[in-house]
Undergrad: 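Attaching a single structure in structure tokens format; questions to follow.
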Amino acid sequence: MLEVKELSFDYREREILKDISFTAMAGDFLCILGPNGAGKSTLFRCILGLHKRYNGIVSIHNENIKNMSQVKLAKKMAYIPQSHYPTFNFKVLDIVAMGLTVHLDKLASPTGEHEKLAYEALEQLGISYLWNRGYGEISGGERQMTLIARAVAQKSFILLMDEPTANLDYGNQIRVLEKVRELAQEGYTIIMTTHNPEHAFIYGNKMLMMQKGEITCAGCPTIELTEELIQNVYGVSVEIHEIYNGDVDTKVIVPKLKGDYGKNVSMDRREYSLL
Ligand SMILES: Nc1ncnc2c1ncn2[C@@H]1O[C@H](COP(=O)(O)OP(=O)(O)OP(=O)(O)O)[C@@H](O)[C@H]1O
């Protein structure tokens with residue numbers, strides 16, 4: 001269990017986070033929403049122990065992270081950034097094996113056993129066929145899956161993900177989030193920031209809304225995330241519709257459109273050929 005209790009933080013006396021409290025349990029898929037500059041990344045940096053000067057407590061299984069070494073913390077919690085390019089074109093298997101560094105003794109090198117574990121993590125994510133490819137030569141979705149495999153190899157059961165689907169095409173967004181949801185079903189704790197409130201409806205079982213460094217709404221997305229909340233936070237009018245999506249009831253968000261954009265005007269075949 002990850003618990004954040006009465007956390008506040010400032011950058012040079014400019015208060016950024018105010019009285020943040022929440023818990024995330026095994027199996028939770030917690031989506032953190034909020035407009036640009038709300039403080040989501042700063043909150044992640046505090047939880048990851050990168051900012052130490054905060055007030056309040058971040059604890060894992062009731063142990064304050066300030067009392068843990070970086071290695072101990074990394075064994076419990078992994079960070080998955082947005083897809084990035086490393087300066088060196090490492091093999092995908094090597095990138096995943098880097099997640100095992102926390103389990104190695106000082107100055108020890110990875111062995112065949114570590115490579116096997118890294119390969120198994122790739123298999124778990126369904127991308128073992130990529131093992132020998134250069135990380136700089138695979139697609140954005142494949143890179144994101146590789147970073148998730150690295151976190152899985154790290155054997156940390158709390159995964160912090162900062163907009164993991166930013167820059168991914170529609171199909172890859174769904175493939176990545178489906179995999180993340182499977183990990184939550186296996187008992188991982190997922191804490192993910194996202195700019196798409198629908199992610200909270202479709203994948204999350206809990207949500208936090210952050211505004212100006214404070215949590216202004218928290219709970220079950222299908223109950224708490226309303227048209228009024230989205231209007232207030234993002235300043236846009238939307239309609240929320242309930243749908244039955246296979247096995248589950250969920251909700252979708254549709255922006256309210258003003259006026260007729262001439263969408264029903266049919267295009268002449270010659271116009272198509274110009275596209
Ligand atoms: N190093 C810094 N020094 C001073 N202020 C900072 C620093 N980093 C971030 N801030 C400020 O802290 C506030 C919160 O920023 P943060 O990046 O945490 O927001 P966010 O919710 O992650 O935003 P986004 O959705 O745009 O990524 C912003 O007002 C930002 O300008």
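As a basis for the values below, the full set of heavy atoms in this structure was taken, side chains included, without hydrogen atoms, waters or symmetry mates.
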Undergrad: Drop me the distance from Ile47's CD1 to Ile158's CD1, to the nearest 0.5 angstrom.
TA: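 So the gap between those two atoms works out to 9.5 Å.
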Undergrad: Distance alone, cut at 3.5 Å: any donor-acceptor contact between the side chains of Asn172 and Gln144?
TA: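 No, no side-chain donor-acceptor contact under 3.5 Å.
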Undergrad: If you look at every heavy atom in Ala200 and Cys31, which pair is closest and at what distance?
TA: CA-SG, 3.7 Å
Undergrad: Between Ser156 and Ala74, what is the shortest heavy-atom contact and its length?
TA: OG-O, 2.7 Å
Undergrad: Can you check whether Arg181 reaches Ile190 side chain to side chain, under 4.5 Å on heavy atoms?
TA: no
Undergrad: When you look at CD of Glu242, are more than 12 heavy atoms from neighbouring residues, nucleotides or ligands closer to it than 6.0 Å?
TA: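 Open: at most 12 neighbouring heavy atoms sit under 6.0 Å from CD of Glu242.
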Undergrad: Any link between Leu159 and Val180 through a network of hydrophobic side chains (Ile, Leu, Val, Met, Phe, Trp, Tyr) touching at under 4.5 Å?
TA: yes
Undergrad: Could you measure the distance from the CG atom of Leu160 to the CZ atom of Arg45? Nearest 0.5 Å is fine.
TA: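 Reported to 0.5 Å precision, the distance equals 12.0 Å.
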Undergrad: Quick check: does any side chain N or O of Glu3 sit under 3.5 Å from a backbone N or O of Thr23, one acting as donor and the other as acceptor?
TA: no
Undergrad: Establish, from distance only, whether the side-chain atoms of Asp162 and Thr193 form a donor-acceptor pair under 3.5 Å.
TA: yes
Undergrad: Would you indicate whether the side-chain heavy atoms of Leu43 and Ile20 approach each other to under 4.5 Å?
TA: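 Yes, side chains in contact.
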Undergrad: Regarding Lys5 and the six-membered ring of Phe22, is the cationic atom NZ or CZ under 6.0 Å from the ring centre and inside 45° of its axis?
TA: no
Undergrad: Check the pair Tyr54, Ser8 against side-chain contact (heavy atoms from CB on, under 4.5 Å), reporting the backbone distance first and the verdict last.
TA: CA-CA 6 Å; Tyr54 58 82; Ser8 54; over 6 Å; no
Undergrad: Say whether Thr216 and Glu214, considering side chains only, have a donor N or O and an acceptor N or O under 3.5 Å apart.
TA: no
Undergrad: Under 6.0 Å between ring centres, would you say that holds for His51 and Tyr11?
TA: yes
Undergrad: Working to the nearest 0.5 angstrom, can you tell me the gap between His199 NE2 and Glu163 CD?
TA: 10.0 Å
Undergrad: Has Lys18 got a side-chain atom pairing as donor or acceptor with Glu15's backbone, closer than 3.5 angstrom?
TA: no
Undergrad: Looking at Pro221 and Gly204, what are the two nearest heavy atoms and their distance?
TA: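 Result for this residue pair: CG-O, 3.8 Å.
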Undergrad: For Ile95 versus Arg150, what's the shortest heavy-atom pair and its separation?
TA: O-CD, 3.1 Å
Undergrad: Lys251 side chain to Thr222 main-chain N or O, any donor-acceptor pair under 3.5 Å?
TA: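 Flag set: sc Lys251 to bb Thr222 pair under 3.5 Å.
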Undergrad: Ignoring hydrogens and angles, tell me if any N or O in the side chain of Lys206 forms a donor-acceptor pair with the backbone of Phe29 under 3.5 Å.
TA: no
Undergrad: With side-chain contact (heavy atoms from CB on, under 4.5 Å) as the criterion, how do Ile65 and Ser59 come out once you've worked through the C-alpha distance, each side chain's angles and the decisive distance to 0.1 Å?
TA: CA-CA 5 Å; Ile65 65 160; Ser59 60; 5.8 Å; no
Undergrad: Apply side-chain hydrogen bond (donor to acceptor under 3.5 Å, both in side chains) to Glu6 and Asn55, showing your working.
TA: CA-CA 7 Å; Glu6 295 164 9; Asn55 292 316; over 6 Å; no
Undergrad: Quick check on the hydrophobic clustering: are Leu93 and Phe88 connected, directly or via other members, by side-chain heavy-atom contacts under 4.5 Å?
TA: yes
Undergrad: Is there a side-chain contact between Met192 and Ile80 in this structure, where contact means two heavy atoms from C-beta onward sitting under 4.5 Å apart?
TA: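 They are not in contact (no side-chain heavy atoms under 4.5 Å apart), so the answer is no.
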Undergrad: If you group Ile, Leu, Val, Met, Phe, Trp and Tyr by side-chain heavy-atom gaps below 4.5 Å, do Ile191 and Met209 land in one group?
TA: no
Undergrad: Roughly how far apart are Leu73 CG and Asn67 CG, rounded to 0.5 Å?
TA: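 That separation rounds to 11.5 Å.
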Undergrad: Taking the six-membered ring for Trp and the full ring for Phe, Tyr or His, determine whether the centres of Phe90 and Tyr135 are under 6.0 Å apart.
TA: no
Undergrad: Salt bridge check, Glu63 against Lys72: does any charged N sit closer than 4.0 Å to a carboxylate O?
TA: yes
Undergrad: Can Cys217 and Met207 be said to form a side-chain contact (heavy atoms from CB on, under 4.5 Å), step by step?
TA: CA-CA 8 Å; Cys217 181; Met207 62 145 278; 4.1 Å; yes
Undergrad: Can you check whether Phe44 reaches Lys40 side chain to side chain, under 4.5 Å on heavy atoms?
TA: no
Undergrad: Is there a chain of hydrophobic side chains (I, L, V, M, F, W, Y, each step under 4.5 Å between heavy atoms) that links Val233 to Val252?
TA: no
Undergrad: Measure from the side-chain N and O atoms of Thr250 to the backbone N and O of Phe201, and report whether any donor-acceptor pair falls under 3.5 Å.
TA: yes
Undergrad: Roughly how far, to the nearest 0.5 Å, is NE2 of His195 from OG1 of Thr165?
TA: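 The OG1 atom of Thr165 sits 10.0 Å away from the NE2 atom of His195.
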Undergrad: Over all heavy atoms of both residues, which pair between Met145 and Arg175 is shortest? Give the atoms and the distance, please.
TA: CE-O, 3.6 Å
Undergrad: Val254 versus Val238: any side-chain heavy-atom pair under 4.5 Å?
TA: no
Undergrad: Any side-chain heavy-atom pair from Ser237 and Glu227 closer than 4.5 angstrom?
TA: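 Counting from C-beta outward, Ser237 and Glu227 never come under 4.5 Å.
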Undergrad: Looking at side-chain heavy atoms only, is the closest gap between Tyr203 and Leu177 below 4.5 Å?
TA: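 Yes, side chains in contact.
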Undergrad: Determine the minimum heavy-atom distance between Tyr234 and Pro197, stating which atoms define it.
TA: CE1-CG, 4.2 Å
Undergrad: I'd like to know if the side chain of Arg143 reaches the main chain of Gly136, judged simply by a donor and an acceptor atom lying under 3.5 Å from each other, with no hydrogens or angles considered.
TA: no
Undergrad: Any side-chain heavy atom of Ile32 sitting closer than 4.5 Å to one from Thr194?
TA: no
Undergrad: Same cluster for Ile57 and Leu30 if Ile/Leu/Val/Met/Phe/Trp/Tyr side chains link at under 4.5 Å?
TA: no
Undergrad: Are any side-chain N or O atoms of Gln173 and backbone N or O atoms of Leu168, one a donor and one an acceptor, separated by less than 3.5 Å?
TA: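 A pair under 3.5 Å: yes.
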Undergrad: Looking at Ile253, is its backbone amide N or carbonyl O close enough to the side chain of Glu198 to form a donor-acceptor pair, meaning the two atoms are under 3.5 Å apart?
TA: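 Yes; at least one donor-acceptor contact below 3.5 Å.
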Undergrad: Leu147 vs Met161, test: side-chain contact (heavy atoms from CB on, under 4.5 Å). Steps then yes/no.
TA: CA-CA 10 Å; Leu147 294 178; Met161 302 185 165; over 6 Å; no
Undergrad: With rounding to the nearest 0.5 angstrom, report the CG to CE distance, Leu33 to Met210.
TA: 11.0 Å
Undergrad: Can you confirm whether more than 12 heavy atoms, excluding those of Met25, are under 6.0 Å from its CE atom?
TA: no
